[in-house]
Student: 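Just dropping this structure here.
Lettering follows sequence order; numbering is per chain, from 1.
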Amino acid sequence: MRRMRLSHLPISAAVFGALLSAAAASPAVPPTADEVFRLTAKSDHPGSLLLSWTMAPGTYLYRDRISATLSGRPLDVRLEPGTIQDDPVFGPTEIYRGHIEAWIGMPASVSGDRLTVSYQGCAEHTLCYPPVVKSVDLKTLQVSDALD
Amino acid sequence: MNRRQLIALVPGLIPLTAGAALAAAPVKVDANTLFNDAEAPVGGNAQGDVTIIAFLDYNCPFCKKSAPDLDRIVATDGRVRLVYKDWPILTDASIYGAQMALGAKYQGQYETAHRALMAIPGRNIDKAAMLAAVKTAGIDMTRLQADIDAHADAITGLLQRNLALAEALKLEGTPIYLIGPFRFSTLDYDGFAQAVSDARAHKPG
C-alpha cells in the first residue's frame, strides 16, 4: 500500500504544506504535476516559440487542455497529433506521453513580456492532476509558476 | 467567484472555467480549516478516533472507483470520521456537481447527493447528467435551488478554502485521502482498512 507521513499537525497551513512537500519523495502518492510534467521553452526564430514537455512514465497530458495566452489573448498552439486513449475521465481522448513539442506563433499585434501556458493530465490508474498554469518570460525563456 | 457567478440549477450556466472559477482572492487556511471547517460536510462517526479527509471531484474516475470502498470502511469500522473536501478541478461540470452536493447539505442530504454523483456511470459527466442524478436521488430540488441561492457565499467560500488547502498542502490531484498522519491516492477496501489501522497505531499516546 502506498502512503506517506503527514507528520503532526502544525498550526499554519504553510508549515503543514512544507512538511507534506518534504514527504513527497516517498513512493506513497504519485509525484506532483510539476514533478511529472517538465515544461521548457526555446526560441529559434523571432516571432515563434517552441514549448517542450517531458512526461514521466505512467503519466500523460490531454491535447485539448494545452493552451497559451499572451496578454489574455489565446494564441495558436500547434501540436503534433497525439494518440487516442479511451480515457477514464473523458472517454476517447487525444493524449501525449513521453515528450511533446508545441509551436507557438507570436502575433506581432499582441505585446507582452510573459506567455501564460496551461496544461492538464493524469497519472495512470491513480490520480488526475489539477490544471497547471505556468508563465514563460519571453526575454529569458525561463518558466515559472504563473502566480510568481 | 461571487454570487452572480454561481450556478442556477440549469445546466450550462456556469460562466467560468474549472480553473478560473475558484481562483479568486487569496484565502487564509490553517490546520483547523482542514479538520474542522464548519461548512465542510462530515460523515461517519463524528466522535471517531481516526479522521479521513477526502479531496474529491465528481468527474474523477479514481474518486468514483474508491467511493464505494470508502463508504464501506466508514460503515464497517464505525470509528472513522469522514470529512468531505469537494475539490472540483477537472471540468466545469465538476464545479456544478460540487455546488449541488454542498447545497443539498442544507436539507441534510449532502451524502445522498454525493453518492448519487459519484455513482453516475460513464465519463466526462456533464451538468445535465449530474442534475438528473441528484433529482433521481430524491433531493428536494426546489429547496436545493433556494439553499444554493441563500447560501451562495458560504458554498463559494468553502470551495475556495478547499482549493486553498489543496494548494497549501501541495496535494497532487484527485483523489487524495488524508488518513491520520498519512496521505494516499486511490485505495480499495483493504487499503482503506490498513490505512485506518496504521493511523490508529500512530496516534500519539
Side-chain angles (χ1 to χ4, degrees), chain A residues 1-24 26-37 59 62 64-65 67 85-93 116 118-133 145-147, chain B residues 17-20 23 26 28-35 53 57 59-66 87-91 94 122-125 163-188 190-195 198-199 202 204:
Chain A
M1 183 174 51
R2 298 174 167 184
R3 71 185 187 193
M4 69 172 66
R5 284 194 67 86
L6 281 172
S7 189
H8 296 295
L9 286 177
I11 293 173
S12 89
V15 175
F16 199 27
L19 287 169
L20 285 165
S21 182
S26 101
V29 174
T32 64
D34 277 351
E35 291 170 315
V36 300
F37 304 132
T59 67
Y62 296 112
D64 64 1
R65 297 281 166 148
S67 65
Q85 164 167 297
D86 190 12
D87 184 68
V89 182
F90 298 110
T93 305
T116 301
S118 302
Y119 48 96
Q120 188 170 19
C122 289
E124 214 146 24
H125 307 309
T126 49
L127 182 140
C128 296
Y129 291 105
V132 180
V133 184
D145 289 340
L147 298 178
Chain B
T17 65
K28 283 193 172 181
V29 291
D30 57 20
N32 195 50
T33 313
L34 181 64
F35 284 88
I53 303 172
D57 178 300
N59 247 322
C60 159
F62 314 119
C63 304
K64 293 184 173 194
K65 184 179 175 188
S66 297
W87 184 29
I89 57 172
L90 293 177
T91 67
S94 302
R123 297 165 291 188
N124 201 10
I125 306 303
L163 177 68
L165 275 171
E167 289 180 351
L169 299 175
K170 301 187 186 305
L171 299 187
E172 295 80 359
T174 56
I176 286 291
Y177 304 103
L178 309 181
I179 305 178
F182 304 113
R183 171 164 48 167
F184 303 85
S185 186
T186 305
L187 289 174
D188 59 14
D190 290 341
F192 278 121
Q194 185 64 55
D198 288 352
H202 282 81

Student: Who wins among B:T186, B:T33, B:I125, B:N59 for the most heavy-atom pairs under 4.5 Å with chain A?
Tutor: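 Highest number of pairs under 4.5 Å: B:T186.
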Student: So, for B:I89 and A:P131, which heavy atoms are closest and what is the spacing to 0.1 Å?
Tutor: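 Residues B:I89 and A:P131, closest heavy atoms: O-CD, 3.4 Å.
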Student: Nearest 0.5 Å, what's the NZ-NE2 distance between B:K65 and A:H125?
Tutor: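 The NE2 atom of A:H125 is 8.0 Å from NZ of B:K65, to the nearest 0.5 Å.
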Student: Quick check: closest heavy atoms across B:G173 and A:P130, and the distance to 0.1 Å?
Tutor: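 Shortest heavy-atom contact: CA-CD, 3.7 Å.
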Student: ring-ring contact (aromatic ring centres under 6.0 Å, His included) with A:Y119: which residues, sequence neighbours excluded?
Tutor: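 So A:Y119 forms a ring-ring contact (aromatic ring centres under 6.0 Å, His included) with A:W53.
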Student: How would you list, by chain and number, every residue that makes a salt bridge (charged side-chain N to carboxylate O under 4.0 Å, His left out) with A:D34, sequence neighbours excluded?
Tutor: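 Listed in chain order: A:K134.
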Student: Which heavy atom of A:L127 sits nearest to which heavy atom of B:S185, and what is that distance?
Tutor: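 For A:L127 versus B:S185, the nearest heavy atoms are CD1-OG, 3.5 Å.
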